[in-house]
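Chain letters run A, B, ... following the sequence lines, proteins first, then strands; residues in each count from 1.
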Amino acid sequence: MIATLLFIAFLAMMLAGVPIGASLGLAGAAAIAAANLDAQWFGLLAVPQNFYAGLGKYPLLAIPMFVLVGSIFDRSGVALRLVNFAVAIVGRGPGMLPLVAIAVAMFLGGISGSGPANAAAVGGVMIAAMSRAGYPASFSASVVGAAAATDILIPPSVAFIVYSVLVPGASVPALFAAGMVPGVLAGLALIVPAVWMARKHKMGALESSLPRPAFWKSLREAVWGLAAPVLILGGMRAGWFTPTEAAVVAVFYGLFVGMFIHRTIRFRDLFVILRESGELSAVILIVVSLAGIFAYSLSTLGIIDPVTRAIVNSGLGEYGVLALLILLLITVGMFLDGVSIFLIFVPLLLPIVQYYKWDPVWFGVILTLKVALGQFTPPLAVNLMVSCRIAKVRMEETVQWVGWMLFSMFLIMVLVIAFPELALWLPRQMGY
Amino acid sequence: MSSSSAKPPELDPAALPEPEADEPTRVPLAIEDWLTVLIMAALALITFANVLVRYFTNSSFAWTEEFSVFLMIVLALVAGSAAVARDRHIRIEYFSDSGSMARRRGLACFGALMVALLFGVIAVLSVRVVWDDYRFGETSPGIGVPQWWYSMWMPIISAAISLRAFGLFLRRLRGAVAEVEAQP
């Protein structure tokens, strides 16, 4: 009864456009009060306690820092130089610019931790370049939005940090390592339909007439950007720093490169960078903390166990349940962002994961792949929102292009489900 | 490292979408913005100092962890307050941003009121948490300072968020009224 109230109140508020965090917090508080009508203050003192407990976790500090890294590298001029270098390597053949966009987005994925930041950095350079070469803006926006989705799979990744905070058995380094191979596969899987569509529709006809940058010169200019993932991922691997510290090192590295090497960041830009990344982090962190209230009411109402039992006894079998979960998450993913999906569903799904003895790291990679797909599935596609704003097209116009890329990346998810070793081999090799 | 050859594209104004201009608010958003900037800078500097100190002296000041977590909570609340005033929190706009103007305004008002209600409740309840921390002389686990030094900020900022949400509600309501009056 109270459980029904919890979900109906949450769904109704969420669909009415109340911020997701507030919907979670209010529904959770109402359920707590309804369950403790005779207790002192209706047991509501649990509300502020869980609000702060949901937030007061040191690993979460990595989120504002990686958001800051993304914001800095956005403006550091690194993306442009990486693009020039990539063009110098692959040349000016037909369909090469979409390939470059995806490759550079994957590479920046090794620096930044969030898809929309990546879409902004790559889109800022590539969409203009692709339109000069004659690609339609809606196609460029689709390619950039899809390519940026690999960011949350390729370490570092804000999504993995949130998942790790929710799931005790999955450490951040293990998740980061596990996302590497699926992330690269997802990127490669995007290149195939992107290049194929470009050639089939004879897009980018002007590309071959554009000059090809000199190899050594562009390498020399790109070297600062090329070194960044080595510093971040290598530093974490070598045990020099924790994920949070790696983010902060990347912050100062990015500021150094942006302010003194490429000179694209002026001192007064720092205010905007810090303010925007602070606000964006707060938007994520507030949902994290208010979801703590919701998760508390879920666990004290004792509704997770019956739901889990009903699901595992439904006769669908292990893969039937998994298929159902993915179908559910794909539907939800059209309307909800990744972090909210994790916060709402991971506490519910964890008992199922434990029942089937699925590896929590593998499950995290599957969920993140799902979220990555959701980032460029209209109508609520955070990456496409960014890339469409840069390309000045409406999101509806991308629908004709993103379908094949979604399908291609979906196949990678099926592969990772069928062969868990794709995710689990690397973390085991590295000893996590 | 010359970058003269590669200047124009990143200075292209289209490359970095300009943040939309803020709606005017009675209490300037600069309060939250400056606090946000200072806290973000402090968090980055503290953590960076931690890396350097450990690298050079093989010792770490672990106590900074507690303070950093506190700063992060304040960041979430303070920058979250600005995000409330700017209506930037994650929400499903699919239904609330379609349909008739009256429905949109109604739902926008409702959403803002719900945020005001939630943070109002949290502010009131947090006062009790602070009182308990003070009454029982709780000290923080890391540094050992009185816990209420930390917790006292929570009801204050939560109340501020509630007021920001109420301000947003009033602005949305006024928008709706202005629209009705504008019609002949």
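Ranking T36(B), I73(B), L45(B) against chain A, the residue ahead of the rest is I73(B), based on heavy-atom pairs under 4.5 Å. For the set V69(B), L117(B), L113(B), I90(B), the count of heavy-atom pairs under 4.5 angstrom toward chain A peaks at I90(B). Contacts with chain B were tallied for L280(A), L15(A), V251(A), V249(A); L15(A) has the most, counting heavy-atom pairs under 4.5 Å. Contact count against chain B (heavy-atom pairs under 4.5 Å) is highest for L61(A) among L61(A), L44(A), L285(A), V339(A). If you tally non-hydrogen atom pairs under 4.5 Å between each of A83(B), A165(B), G80(B) and chain A, the highest count goes to A83(B).
Interface remark: F119(B) contributes side-chain atoms only to the contact with chain A (heavy atom separation under 4.5 Å). In this structure, the portion of V47(A) lying under 4.5 Å from any heavy atom of chain B is its side chain and not its backbone. For chain A, no part of R103(B) is nearby; none of its heavy atoms comes within less than 4.5 Å. Heavy atoms closer than 4.5 Å to chain B are found in both the backbone and the side chain of L60(A). In this structure, the portions of S277(A) lying under 4.5 Å from any heavy atom of chain B include both its backbone and its side chain. Both the backbone and the side chain of A16(A) come within less than 4.5 Å of a heavy atom of chain B. Heavy-atom distances place both the backbone and the side chain of V37(B) under 4.5 Å from chain A. In this structure, the portion of M65(A) lying under 4.5 Å from any heavy atom of chain B is its side chain and not its backbone. Contacts between F271(A) and chain B at a heavy-atom distance below 4.5 Å involve backbone atoms as well as side-chain atoms. For S81(B), no part lies near chain A; criterion is any non-hydrogen pair under 4.5 Å.
Side chain to side chain, Y52(A) and S126(B) meet the donor-acceptor criterion of an N or O pair below 3.5 Å. A donor atom on one side chain and an acceptor atom on the other are found under 3.5 Å apart for Y150(B) and E66(B). A donor and an acceptor atom, one from each side chain of E245(A) and T47(B), are nowhere located under 3.5 Å apart.
Considering only heavy atoms from C-beta on, L274(A) stays 4.5 Å or farther from L38(B) through its side chain. Between E138(B) and P146(B), every side-chain heavy-atom pair lies at or beyond the 4.5 Å cut-off.
Applying the salt bridge (Lys or Arg N to Asp or Glu O under 4.0 Å) test to residues at least two apart or on different chains, none of the pairs has a partner in residues 16-25 of chain A.
Around the CZ atom of F42(A), the shell of radius 6.0 Å holds no more than 12 heavy atoms that belong to other residues, nucleotides or ligands. Within a 6.0 Å radius of CZ in R135(B), other residues, nucleotides and ligands contribute more than 12 heavy atoms.
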Exercise. Are D33(B) and R86(B) close enough, and set up right, to give a salt bridge (charged side-chain N to carboxylate O under 4.0 Å, His left out), and what steps lead you there?
Worked result: CA-CA 12 Å; D33(B) 288 348; R86(B) 294 192 172 103; 2.9 Å; yes
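Using cut-offs of 30° and 60° for the angle between ring planes, the F252(A) and F48(B) rings count as parallel.
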